[in-house]
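Data block below; observations after.
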Amino acid sequence: MSSYFTDLAQQYIDGEWRPGSGAWDLIDLNPYDDEKLASITIATVDEVDQAYRAAARAQKEWAATNPYARRAVLEKALRLVEEREEEISEAIVAELGGTRVKAAFELHLAKEFLREAVHLALRPEGRIIPSPVDGKENRVYRVPVGVVGVISPFNFPFLLSLKSVAPALALGNGVVLKPHQDTPVVGGSLVAKIFEDAGLPAGVLNVVITDIAEIGDAFLEHPVPKIISFTGSDEVGRHVATVCASHFKRSVLELGGNSALVVLDDADLDYAVDAAVFSRYVHQGQVCMAANRVLVDSSVAEEFTGKFVAKVKSLKAGDPRDPETVIGPVINSRQADALSGVVTQALAEGATALVHGSRTDNLVEPSVLTGLPADSALLRQEVFGPVAFLVPFDGEEEAVRIVNDTPYGLSGAVHTGDIERGVHFAQRIDTGMFHVNDGTVHDEPIVPFGGEKHSGIGRLNGDTMLDAFTTVKWISVQHGRSGFPF
């Protein structure tokens, strides 16, 4: 596996694997044991320019390629992922600290999204629209935008890179991908290798492994890309949106969340506990849709809390290579420090730790906190790690108010014995997605995915990919003769 990382520890520009020309190396570390996986010389502003120029050149011919031929490349990419599933899984465990369960979850979704991208190649359709002018024919063509810049995050890097890259390619665009610096292989060069081996023409997809300390806003400001697809924090997303708008680019933003899982008084408590524990602690809680807050009706709070705490205490933390491990390391020491700070702040504000997990390097064990003051800022922010806040409420009206009392609006869930009661509850929550009698962490290939408020702009998946990565062009044909006033 070490050779696997070494082989892919390069830039991929215009169909060539080559080192960057930056003055320093990015060191790719295993977050569990700090093993050095790879050393990658970073890309400079000049190489970002080369990547975008290559994509712009190659995109013209790629867009003109028969969509059935484009579909064949996507089909081959899917087969390669299936054939290489074991080694990709090993890479996810090593580079992300993902558990075996997490790796399987990410790969399952990645394959589903690739299957949808295969079909997306044939989805664009034109229209002929009536005109009030005699003899005029209005044709509306749906065409690729040109080149798309993709910035992917560290938590589900393989899936979330493919989620934008594959549809953009299927629809005839060129792509430049910049993976997160903590996951340069799984989120970047591995994706390039799969498409290269699938027969994608040189230059259509490029990967630049770099850091904003080196390139600043060059990836966003470059004149070639028409759209930037960014997945990450709302703080960075705000900057991306501002820069894009100032350069007349579109941005698709999939940002953070502060989701709540709500347990009403008629819920199946054992099932709700299972859903809540998964929703908070999957991949160490490093999921934008994770249930930061678990809201429980006061009438069932004592019983639910006892069962929730018992299940959390049973979660095994440790080496993600161990199939029994549920909680692996968080991505880096900065994240671990931030989580320790969250727990310390909560306790200082008067919270009680029902479970107070210890920390060893990047391994942060689960914590469960209750009794936070209602005005605590911690209840309104995203906490990207294995820390759960239990919040009691009295009746649905108070629950709705608490759930909505956050600048985020990504996901959420409600548990109840009455499905229509759950749907009515969901309709009152300001989120892009909400689930009845399920967890908060879901993504499906043909269902619109995205958030409200600070959780993002735009949607991905299914037909919304057409809106994200194509544009429409009006061409009119005058079959007769127009009359002009002068």
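Just so we're clear, the structure is a prediction, and the values are computed from it rather than from any experiment. Keep in mind that the numbers below use all heavy atoms, side chains included, and drop hydrogens, waters and symmetry copies.
The closest donor-acceptor contact from the side chain of N404 to the backbone of D430 lies under 3.5 Å.
Counting non-hydrogen atoms of other residues, nucleotides and ligands closer than 6.0 Å to CD of E302 gives a total of 12 or fewer. More than 12 heavy-atom neighbours from other residues, nucleotides or ligands sit within 6.0 angstrom of CG on D337. Heavy atoms from other residues, nucleotides or ligands lying under 6.0 Å from CG of L347 number more than 12. By the 6.0 Å contact criterion, CD1 on I27 is enclosed, its count of non-hydrogen atoms from other residues, nucleotides or ligands being greater than 12. By the 6.0 Å contact criterion, CZ on R334 is open, its count of non-hydrogen atoms from other residues, nucleotides or ligands being 12 or less.
You'll find the ring centres of H283 and F156 inside the 6.0 Å limit.
A donor-acceptor contact closer than 3.5 angstrom links the side chains of H239 and D217. No side-chain donor from either of N258 and R380 sits under 3.5 Å from a side-chain acceptor of the other. Using a 3.5 Å distance cut-off with no hydrogens or angles, the side chains of E95 and T183 do not pair a donor with an acceptor. There is a side-chain donor-acceptor pair under 3.5 Å between D234 and Y408.
Below 30°, between 30° and 60°, or above 60°: for F384 and F154 the angle between ring planes is above 60°, a perpendicular geometry.
Residues passing the salt bridge (Lys or Arg N to Asp or Glu O under 4.0 Å) test with D443 are K163, sequence neighbours excluded.
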